[in-house]
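Lettering follows sequence order; numbering is per chain, from 1.
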Protein chains: 2
Amino acid sequence: MNTTEEQTTKGHQKEQCKELQLPVQDALDVLNGRWKLPILIAISFQTKRFSEISREVNGITDRVLSKELKEMEQNKIITRTVRDAFPPIVEYSITPHGLTLHKIYAELGEWGAAHRKLIIGK
Amino acid sequence: MNTTEEQTTKGHQKEQCKELQLPVQDALDVLNGRWKLPILIAISFQTKRFSEISREVNGITDRVLSKELKEMEQNKIITRTVRDAFPPIVEYSITPHGLTLHKIYAELGEWGAAHRKLIIGK
DNA sequence: GATAGCACTATCCTAAAGGATAGTATCAAT
DNA sequence: ATTGATACTATCCTTTAGGATAGTGCTATC
């Protein structure tokens with residue numbers, strides 16, 4: 001009986017865990033890759049134009065930047081605004097939803113630092 | 001003066017943010033991929049053998065499972081123990097460090113669920 | 001004697017991420 | 001007339017993640 005109950009409980013916990021998988025994947029898709037965080041940092045403090053981000057995020061190519069910005073816009077992390085002018089002005093800024101990423105990036109950073117200490121050395 | 005101070009403050013914050021990048025990448029490397037969470041869930045509740053994990057984690061191939069387990073062992077998320085017997089018994093269990101992942105997976109899941117609501121539908 | 005289970009490894013293949021390089025339309029400034 | 005700036009797009013290539021399939025050495029079981 002005790003055993004059965006334990007198994008039931010464990011089974012329940014496990015089910016809860018499995019339900020984590022989909023939303024966790026969703027979150028990782030948004031966070032992942034080499035460029036998302038640097039781009040987010042660049043935009044977080046003030047609205048920036050494409051070329052400004054391109055200059056500030058070291059090593060990124062225009063092609064990749066363009067793709068990342070599109071993806072972040074679809075994910076409602078940033079907004080894109082076009083102003084009619086020549087040369088064209090396209091501005092990117094962070095959304096409220098994008099701001100909520102700060103907390104989890106901070107937590108990832110904390111965990112990562114602890115991990116690094118454990119793995120690489122004291 | 002006010003402006004200068006603001007810029008200095010912002011500059012400082014930005015430097016702090018940039019220092020996040022390395023540990024965040026470390027963390028994401030550990031969390032990432034399709035199989036890490038399912039494997040972690042399988043092992044979390046009790047020590048398991050290779051074949052048990054293989055059966056429990058649906059769709060994974062032996063080759064990929066073997067690679068993931070090695071990586072997780074190197075990251076000190078799990079331990080591998082061999083017991084001399086035939087057929088061979090190799091047991092995998094979660095470490096204290098591995099248990100610390102639960103919290104951040106939970107937070108990723110929470111964020112991911114909110115994100116999903118925002119993007120896919122109300 | 002054949003079969004099945006264990007814990008892998010080896011080989012081959014596909015798809016996706018991301019890098020390198022070059023090009024586009026438009027207009028203002030020199 | 002040429003140059004430069006802007007915000008991209010197009011083409012090509014390399015690297016990486018991960019899937020499919022098969023095989024290994026050993027033993028207990030049928």
Using a heavy-atom cut-off of 4.0 Å across all strands, would you classify B/G33 as base, sugar-phosphate, or nothing? sugar-phosphate
Atom CZ of B/R83 and atom C1' of C/dA7 are separated, to the nearest Å, by 15 Å
- request: Run the salt-bridge test on B/E91 and B/R83 with the 4.0 Å N-O cut-off and return the result as yes or no.
  value: yes
Practice prompt. Would you mind classifying the nucleic acid contact of A/E71 as base, sugar-phosphate or nothing, using non-hydrogen atoms under 4.0 angstrom?
Written response: nothing
Atom CD1 of B/I39 and atom C1' of D/dA17 are separated, to the nearest Å, by 14 Å
B/L28 CG to C/dA17 P, in whole Å, measures 16 Å
Rounded to whole Å, CG of B/L65 lies from C1' of D/dA20 at a distance of 16 Å
Query raised in the report: What's the verdict on side chain to side chain donor-acceptor pair (under 3.5 Å) for B/T95 and B/T79, showing C-alpha distance, side-chain angles and the deciding distance?
Result: CA-CA 7 Å; B/T95 62; B/T79 54; over 6 Å; no
Residues B/E71 and B/K36 bridged, charged N to O under 4.0 Å = yes
Rounded to whole Å, the CD1-C1' distance (A/I60 to C/dT21) equals 16 Å
For nucleotides 5-15 of chain D, 5' to 3', base contacts (B), sugar-phosphate-only contacts (S) and non-contacts (-) with protein non-hydrogen atoms under 4.0 Å give -BSBSBB----
inquiry  = B/R80 vs B/L69, test: side-chain contact (heavy atoms from CB on, under 4.5 Å). Steps then yes/no.
reply    = CA-CA 9 Å; B/R80 193 184 98 113; B/L69 288 172; over 6 Å; no
Is the shortest distance from a Lys or Arg side-chain nitrogen in A/K14 or B/E56 to a carboxylate oxygen in the other one below 4.0 Å?
yes
B/D84 atom CG is separated from C/dA7 atom P, nearest whole Å, by 13 Å
One should read off an interatomic distance between B/R55 CZ and B/R49 CZ, to the nearest 0.5 angstrom, of 8.5 Å
Separation of C/dA17 atom P from A/N32 atom CG, nearest Å, is 11 Å
